[in-house]
Amino acid sequence: MRGGFVTRALRRLLGVIALCFTGAIPAENFPVVIVNSAASPETFLSQSALSAIFGMRLRKWEDGSLIKVFVLPDEHPLHVAFSKYILRVFPYQLRNAWDRLVFSGTGEEPVKVVSEQQMRARVSATPGAIGYLSDSMIDETVKVVTFK
Amino acid sequence: MRLSRLLLSNSQYLKKTIPFYYSGKSGFFASTGWESRRNAPILRIRGLVGAQYPASPTVALRQVSVALVFAVLWGHWPKTAAAVELFDDFQVHGFLSQGYSLTSDNNVFGASSAAGSFDFTEAGLNASWMPISDLRLAVQALFRRAGAGHEHDVELDFGLLDYTILSTLGYRLGVRLGRFKNPLGLYNDTRDVVFTRPTILLPQSIYPDRTRALSLSADGGLVYGEYRGDWGHLSLEFGAGIPRGDNLDTELAILGVDYPGDTYSELSYIGRLGYELDGGKYRIAISSARVDTRYDPGPPSSQNLGPGKDIFTPVIFSAQYNSEKWSLTAEYAIRPIKESGFDDRLNLDLISESYYLQALYRFDANWQAVARYDVLYNNREDRHGKRYHATTGRPAYTQFAKDWTVGLRYTIDSSSLIAAEYHYVNGTAWLPPQDNPDPADLEQRWHLFCLLAGFRF
């Protein structure tokens with residue numbers, strides 16, 4: 001149950017179209033949002049919810065538990081693609097927003113993982129976790145999030 | 001582990017290279033009477049400025065050792081240092097930067113006008129812990145060397161308890177109690193972290209270093225609210241607290257001269273309303289404060305200056321546009337200042353005015369360039385100081401500053417950068433008084449060149 005086939009196909013198509021202009025990454029490496037598999041069945045998140053979560057401004061799930069956000073390094077191609085095509089911001093904007101939080105005492109930044117393997121391992125092992133992976137890296141240890 | 005190594009080597013090096021010398025900050029208030037406080041820093045500055053610089057082998061040695069220690073730390077640290085995660089929901093971050101300033105005339109961060117100065121070091125260490133999802137504790141300590149009067153400041157930058165009262169997909173409402181950072185403009189909240197500011201020296205018209213202490217943080221409480229909707233992200237912060245006005249910088253900014261007695265802060269207010277559209281592509285904000293600083297003359301003396309009051313009510317308008325390559329930023333401020341009670345010579349009621357326009361261009365993920373025009377008028381009714389000169393006899397150019405800046409930055413990786421910039425400045429209005437004790441030595445038109453290396457984790 002990884003979300004509807006049509007949604008996935010559409011997302012892939014959109015990815016391909018987007019990448020025609022940038023020529024950066026093949027479609028199977030297109031970023032997909034994932035959560036810990038123990039997450040509630042409600043794995044539909046809106047664009048604005050994702051922006052708030054990865055912007056570290058929405059800190060808890062609907063059940064009140066803490067959201068644990070994992071990201072790859074700023075310069076990682078998947079992070080760049082995730083920022084641009086899923087969150088629709090540039091990586092430097094995310095970095096600036098996190099730095100403002102961290103160094104003014106008003107918030108925290110996401111936990112950084114160094115590879116997609118580590119991303120999958122940490123998200124699958126951490127309750128309340130959210131992150132992203134390439135399409136080709138998805139397996140049954142994590143749950144895919146689809147957009148409303 | 002890495003963290004303790006940095007701290008250890010840093011403090012050891014400090015003990016060796018910097019003579020124990022307090023000035024300006026609380027050390028003076030705690031240890032000595034006003035007499036020594038009044039004289040010591042000035043004498044010290046004269047000693048540095050007057051002689052052919054470097055005046056003594058120790059000063060030269062200190063500069064070289066600062067550079068060396070920095071280079072060693074640089075080499076030892078892994079280039080992909082990640083934030084320290086000690087346990088779940090606990091984060092530790094820090095930064096360290098070392099600057100070099102060279103001026104044609106006038107001094108910025110030490111005796112920069114002779115052989116240049118390395119007296120600009122900024123370091124900070126912070127921790128944030130969320131024991132439960134609605135409660136967070138955060139603290140940050142700063143170490144700073146920034147020219148005369150700031151030989152080695154250590155300060156608590158913020159220390160607060162942040163409680164989220166309400167948090168939904170669309171709204172957030174919370175309160176911060178303790179020492180909170182003052183929400184002013186686009187850069188004040190993180191002004192000491194080079195990674196968060198566009199240039200080595202922030203636009204001094206809006207973020208003057210000479211009143212830095214007052215604008216940093218305040219002890220009290222702050223309420224914040226956020227609303228996220230399809231039409232953008234709206235945020236409001238409102239705080240009430242005691243700013244940090246009990247220092248020599250504040251006294252010099254208000255009185256111009258170090259009188260006997262001390263300045264201190266009374267309950268002040270601050271607020272910022274911000275709006276972001278398209279994930280921060282467009283950002284606008286309006287921020288304001290009412291900063292209440294008092295002067296207590298202390299024991300009676302020959303200079304009989306009465307107790308006085310300084311009310312500062314700046315209003316800052318900020319706007320920023322962010323695209324993949326460009327960030328265009330402008331801020332404009334009116335800064336009414338009202339001083340009363342002292343005596344007729346010092347009382348004033350005027351409106352200072354300042355603004356800057358800034359364009360930043362990203363060539364790629366590593367290189368960026370910035371250009372800025374920054375203007376400060378101490379009195380908008382007397383922009384070029386003509387009336388000031390006529391009534392006081394002091395140079396008109398101390399009343400304004402127009403600063404053209406160009407800069408280049410190379411981001412080595414997400415944790416380190418090097419930056420260079422050049423300023424051509426007409427006017428001396430924002431020069432720090434402690435680095436420039438004698439107004440007769442000031443030059444109206446001057447050049448400033450800065451280099452800086454920064455590291456963060």
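Throughout, protein chains are lettered first and strands after them, A, B, ... in sequence-line order, and every chain is numbered starting at 1.
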* Is there side-chain contact between A:T106 and B:R176, with heavy atoms separated by less than 4.5 Å? -> yes
* To do: Select one option (side chain, backbone, both, neither) describing which atoms of B:D192 are under 4.5 Å from chain A's heavy atoms.
  => neither
* What part of A:D99 lies closer than 4.5 angstrom to a heavy atom of chain B: side chain, backbone, both or neither? -> both
* Asked: Do A:K60 and B:S167 have side-chain heavy atoms sitting under 4.5 Å apart?
  -> yes
* Structure fact -> Between B:L169 and A:A49 the two heavy atoms that sit nearest each other are CD1-CB, 3.2 Å
* Basic-acidic side-chain contact under 4.0 Å: B:E276, A:R57 -> no
* **Closest-packed option against chain A by number of heavy-atom pairs under 4.5 Å, given B:R172, B:R191, B:R283, B:K281** => B:R283
* Segment of B:N322 engaging chain A (4.5 angstrom heavy-atom cut-off) -> both
* Structure fact -> Taking every heavy atom of A:Y92 against every heavy atom of B:S327, the minimum-distance pair comes out as OH-OG, 3.5 Å
* To do: Name the region of A:E108, side chain, backbone, both or neither, that has any atom closer than 4.5 Å to a heavy atom of chain B.
  => both
* Asked: Do A:E75 side-chain atoms and B:D413 backbone N/O form a donor-acceptor pair below 3.5 Å?
  -> no
* Structure fact -> Hits for side-chain hydrogen bond (donor to acceptor under 3.5 Å, both in side chains) against B:T411, two or more places apart or cross-chain, chain-then-number order -> none
* Which region of A:V102, side chain (C-beta onward) or backbone (N, CA, C, O), has a non-hydrogen atom less than 4.5 Å from a non-hydrogen atom of chain B, or is it both or neither? -> both
* Do you know which two heavy atoms are closest between A:K112 and B:S414, and how far apart they sit? -> NZ-OG, 3.6 Å
* Side chain, backbone, both or neither: which part of B:D189 has a non-hydrogen atom closer than 4.5 Å to chain A? -> both
* If you measure from CD on B:Q320 to CG on A:N96, what distance do you get to the nearest 0.5 Å? -> 8.0 Å
* Asked: Any side-chain heavy atom of B:T164 sitting closer than 4.5 Å to one from A:R59?
  -> no
* Structure fact -> Counting heavy-atom pairs under 4.5 Å with chain A, the top scorer among B:E226, B:Q140, B:R362 is B:R362
* Given the options B:A138, B:S128, B:G124, which has more heavy-atom pairs under 4.5 Å with chain A than any of the others? -> B:S128
* Check whether any side-chain N or O of B:S133 sits under 3.5 Å from a backbone N or O of A:G64 as a donor-acceptor pair, and report yes or no. => yes
* Count the heavy-atom pairs under 4.5 Å between each of B:T168, B:D157, B:T190, B:L137 and chain A, then report the option with the highest count. => B:T190
* Structure fact -> Under 4.5 Å to a heavy atom of chain A? For B:T196 that would be side chain
* Asked: Does a sphere of radius 6.0 Å around OH in B:Y171 hold more than 12 heavy atoms from other residues, nucleotides or ligands, not counting ones at 6.0 Å or beyond?
  -> no
